[in-house]
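Report on the following structure.
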Amino acid sequence: MKWNGRSVLALVLVSMVASSFLTMGLMKNSAGESSSGTITASASSLFSGSQQEYPKEFKKLLEAFSAIKQEYIENVSTDQLVEGAISGMVGSLKDPYSDYMDPATAEEFNSTLHSTFQGIGTEVTMQNGRVTVVSPFKNSPAEKAGLKPNDQIISVNGESLEGLDLHQAVTKIRGPKGTKAVLKIVRPGVPEPLTIVCIRDDIPIETVTSQIIEKNGVSIGVISLTQFSSDTANHFKEQLADLEKKGIGGLVIDVRGNPGGYLLAVKEIGEVLIPNRGKIVQIEYGSNSKEKEEYFSKAEAAKPYPIAVLINAGSASASEILASAMRESGGYKLVGEKSFGKGTVQSTMEMADKSQLKLTIAKWLTPKGNWIHEKGIEPDVKVAQPDYFNATQLPTDKVLARDMAGSDVKNLQLILSGLKLSPGRNDGYFDEKTEQAVKRFQASHKLPVTGKVDAATRTALEDSLREEIRKPDNDLQLQKALDVVSRDAKAK
């Protein structure tokens with residue numbers, strides 16, 4: 001057996017990426033090194049010696065195994081029973097971030113670690129027995145379709161996910177480019193399940209993007225991090241250097257919707273941002289080990305410009321490490337909404353047959369010793385996005401028309417409001433004013449002016465709303481962060 005990723009290279013990504021099996025672990029120790037050697041030696045003595053070397057509790061396990069092999073009505077392979085026993089042990093931990101993958105699943109998992117993959121592009125975990133969205137990737141089919149953090153996916157293409165483990169559920173969600181994933185979801189605060197249709201596509205793993213936005217006479221660099229992969233830190237430093245050469249007067253780091261990734265990546269980014277060689281994070285390992293590790297910045301002085309960090313409910317794990325370090329060690333402000341709240345670290349172990357075991361091995365604490373697990377991080381400046389940012393897909397199985405009522409019409413009215421086409425009401429009743437708003441939209445987009453939301457009108461409405469959401473001027477959280485930075489820049 002081989003542990004992958006102890007210490008600074010450990011796993012700090014929230015569980016699984018639906019449709020990709022993307023992990024953020026890195027190999028550090030081989031089977032003969034440091035703690036891995038102890039684990040390997042222990043396993044060898046356990047399974048290679050006489051029966052007396054087994055823990056006495058294994059007798060019960062052996063009795064159950066023997067009874068099933070001898071008495072069960074059908075033939076059951078030994079592999080099936082062993083796989084089931086391991087899965088059962090991991091399941092008994094009641095930890096959504098610990099996981100077991102059989103050899104076939106692990107092979108698929110590893111095949112897409114550092115490449116473009118096909119799927120819907122969202123990070124999911126298992127919470128209370130349901131597949132729960134942590135965050136859709138930016139510009140992914142999942143984001144375009146309207147998936148939100150904390151959405152619970154209960155079925156895919158009519159097949160229930162109830163009773164499936166995370167890997168089985170993800171297998172149903174992922175699929176070839178161009179195919180549909182019709183998701184039935186439960187959304188907190190919405191009384192009825194929603195249907196969201198995602199068209200699977202290539203999901204490029206581009207983790208760093210940047211731009212310059214002028215605000216109040218200040219040129220402000222904006223760097224967006226979608227996750228912390230193996231190349232993220234290098235790309236971040238390259239793009240930051242380019243922004244600095246262009247003379248930025250401030251910086252906004254956007255980790256909204258970033259589910260986490262390599263601890264090494266966030267450490268290297270923190271090393272160039274946190275002033276005064278400040279603490280970035282501290283790691284405390286499991287109850288059987290008193291080992292602790294602390295990581296510090298390499299920067300002597302602060303950047304010569306103000307910085308703010310954008311967070312929301314989709315900012316998890318490594319994103320929260322960066323956000324908390326920037327605030328507690330750097331004195332920078334956090335803007336947006338409360339983060340996800342994952343304060344644990346995972347590492348993977350590869351077994352002889354190439355199956356993999358992912359276990360929570362440590363918890364991480366903020367520089368001031370706070371554990372944000374299941375609590376999240378509250379921003380210094382709270383800003384909610386406009387209501388229409390929460391609009392969902394319009395139904396694909398019916399035409400919305402005058403005198404209809406319900407949640408679909410209410411969602412339509414929300415979309416029309418976001419497009420500045422006042423529907424006259426927002427209670428879910430399709431009246432004359434809502435019809436007139438639809439007609440105005442159809443006329444402006446050269447569609448048949450019927451006042452009915454058919455397939456063509458539905459597609460045009462959703463495309464138009466996405467364009468509105470992508471405009472920086474409509475992103476209230478970004479605008480507030482730019483305000484904060486520009487004011488601080490002028491105050492210097």
Side-chain angles (χ1 to χ4, degrees), residues 5 8-18 20-26 90 93-99 122-137 147-152 166 170 188 207 225-229 232 254-267 269-270 280-286 293 295 309-328 334 336-348 358-379:
V8 72
L9 305 182
L11 185 79
V12 284
L13 178 73
V14 177
S15 198
M16 294 280 296
V17 174
S20 75
F21 292 119
L22 180 66
T23 185
M24 290 291 111
L26 275 177
V90 175
L93 301 175
K94 306 297 183 185
D95 176 10
Y97 307 116
S98 292
D99 197 17
T122 187
E123 183 78 14
V124 298
T125 187
M126 189 70 76
Q127 290 187 348
N128 300 320
R130 282 186 170 176
V131 177
T132 303
V133 174
V134 175
S135 181
F137 291 171
L147 273 181
K148 304 291 183 184
N150 297 312
D151 281 348
Q152 297 175 335
L166 189 61
V170 167
T207 64
L225 303 173
T226 60
Q227 64 190 44
F228 293 90
S229 70
T232 299
D254 187 354
V255 292
R256 292 176 297 174
N258 183 326
Y262 287 133
L263 180 56
L264 177 61
V266 70
K267 169 184 171 289
I269 291 173
I280 299 170
V281 68
Q282 47 188 320
I283 309 295
E284 293 185 356
Y285 290 95
E293 294 176 331
Y295 300 104
V309 180
L310 277 167
I311 61 171
N312 67 2
S315 305
S317 200
S319 295
E320 294 171 301
I321 291 176
L322 180 61
S324 60
M326 291 293 285
R327 176 161 67 183
E328 294 185 5
L334 307 184
E337 299 169 300
K338 186 173 78 169
S339 65
F340 183 81
K342 179 180 180 285
T344 57
V345 180
Q346 284 68 45
S347 186
T348 58
K358 177 162 69 74
L359 292 177
T360 297
I361 62 166
K363 64 181 182 180
W364 66 265
L365 306 178
T366 71
K368 292 185 178 180
N370 298 312
W371 195 37
I372 57 88
H373 194 63
E374 297 182 350
K375 299 174 186 175
I377 301 171
E378 292 284 355

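What's counted below: heavy atoms across the whole structure, side chains too, no hydrogens, waters or symmetry copies. Throughout, residue positions are numbered sequentially from 1 according to the sequence presented.
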F228 versus L264: any side-chain heavy-atom pair under 4.5 Å? no
For the CD atom of E337 and the CD atom of E378, what is their distance to the nearest 0.5 Å? 10.0 Å
For T207, give me all partners under side-chain hydrogen bond (donor to acceptor under 3.5 Å, both in side chains), at least two apart in sequence or on another chain. T232
Of all heavy-atom pairs between V266 and L263, which one has the smallest distance, and what is that distance? CG1-O, 3.2 Å
Apply side chain to side chain contact (heavy atoms under 4.5 Å, CB included) to K267 and I321, showing your working. CA-CA 9 Å; K267 169 184 171 289; I321 291 176; over 6 Å; no
What heavy-atom pair brings Q152 and T132 nearest, and what distance separates the two atoms? CG-OG1, 3.9 Å
Taking side-chain hydrogen bond (donor to acceptor under 3.5 Å, both in side chains) as the test, write out the residues that go with Q282, two or more places apart. none
Between Q346 and S98 (side chain of the first, backbone of the second, donor and acceptor by atom type, cut-off under 3.5 Å), is there such a pair? no
P136: what forms a side-chain contact (heavy atoms from CB on, under 4.5 Å) with it, not counting sequence neighbours? T122, V133, S140, A142, E143, P149
Does the side chain of T226 reach to within under 4.5 Å of the side chain of N258, using non-hydrogen atoms? no
Hey, are the side chains of V124 and L166 touching, using non-hydrogen atoms and a 4.5 Å cut-off? yes
Calculate, to the nearest 0.5 Å, the distance between atoms CD and CD belonging to Q127 and E374 respectively. 8.0 Å
Any residue meeting side-chain contact (heavy atoms from CB on, under 4.5 Å) with N370, in chain and number order, not counting sequence neighbours: E328, T366, K368
State, yes or no, whether a side-chain contact exists between L322 and I269 at a heavy-atom distance under 4.5 Å. yes
Does the side chain of V255 come within less than 4.5 Å of V309's, by heavy atoms? yes
Do the non-hydrogen side-chain atoms of M126 and D99 ever get within less than 4.5 Å of each other? no
Return the set of residues passing side-chain contact (heavy atoms from CB on, under 4.5 Å) with P379 (not counting sequence neighbours), or none when no residue passes. I311, L334, K382
Non-hydrogen side-chain atoms of Y97 and T344 separated by less than 4.5 Å: yes
Measure from the side-chain N and O atoms of W364 to the backbone N and O of I372, and report whether any donor-acceptor pair falls under 3.5 Å. no
So, Q227 and Y262: side-chain donor and acceptor under 3.5 Å apart, yes or no? no
Could you go through S319 and F340, starting from their C-alpha distance and side-chain angles, then the distance that decides it, and tell me whether this counts as side chain to side chain contact (heavy atoms under 4.5 Å, CB included)? CA-CA 10 Å; S319 295; F340 183 81; over 6 Å; no
Checking D95 against T360: is there a side-chain donor and acceptor pair closer than 3.5 Å? yes
Enumerate the residue pairs fulfilling salt bridge (charged side-chain N to carboxylate O under 4.0 Å, His left out) with a member in residues 254-264, sequence neighbours excluded, ordered by first and then second residue. K138-D254, D254-R256, R256-D475
On a heavy-atom basis, the closest approach of A362 and I283 is CB-CG2, 3.6 Å
Just by modelled atom types, is the G257 backbone N or O under 3.5 Å from a matching donor or acceptor in the S135 side chain? yes
I'd like to check the salt bridge (Lys or Arg N to Asp or Glu O under 4.0 Å) partners of R130; sequence neighbours left out, ordered by chain and number. none
Indicate the atoms forming the closest heavy-atom contact of G260 with S317, along with that distance. CA-CB, 4.3 Å
Applying side-chain contact (heavy atoms from CB on, under 4.5 Å) to K363 and not counting sequence neighbours gives E284, L365, W371
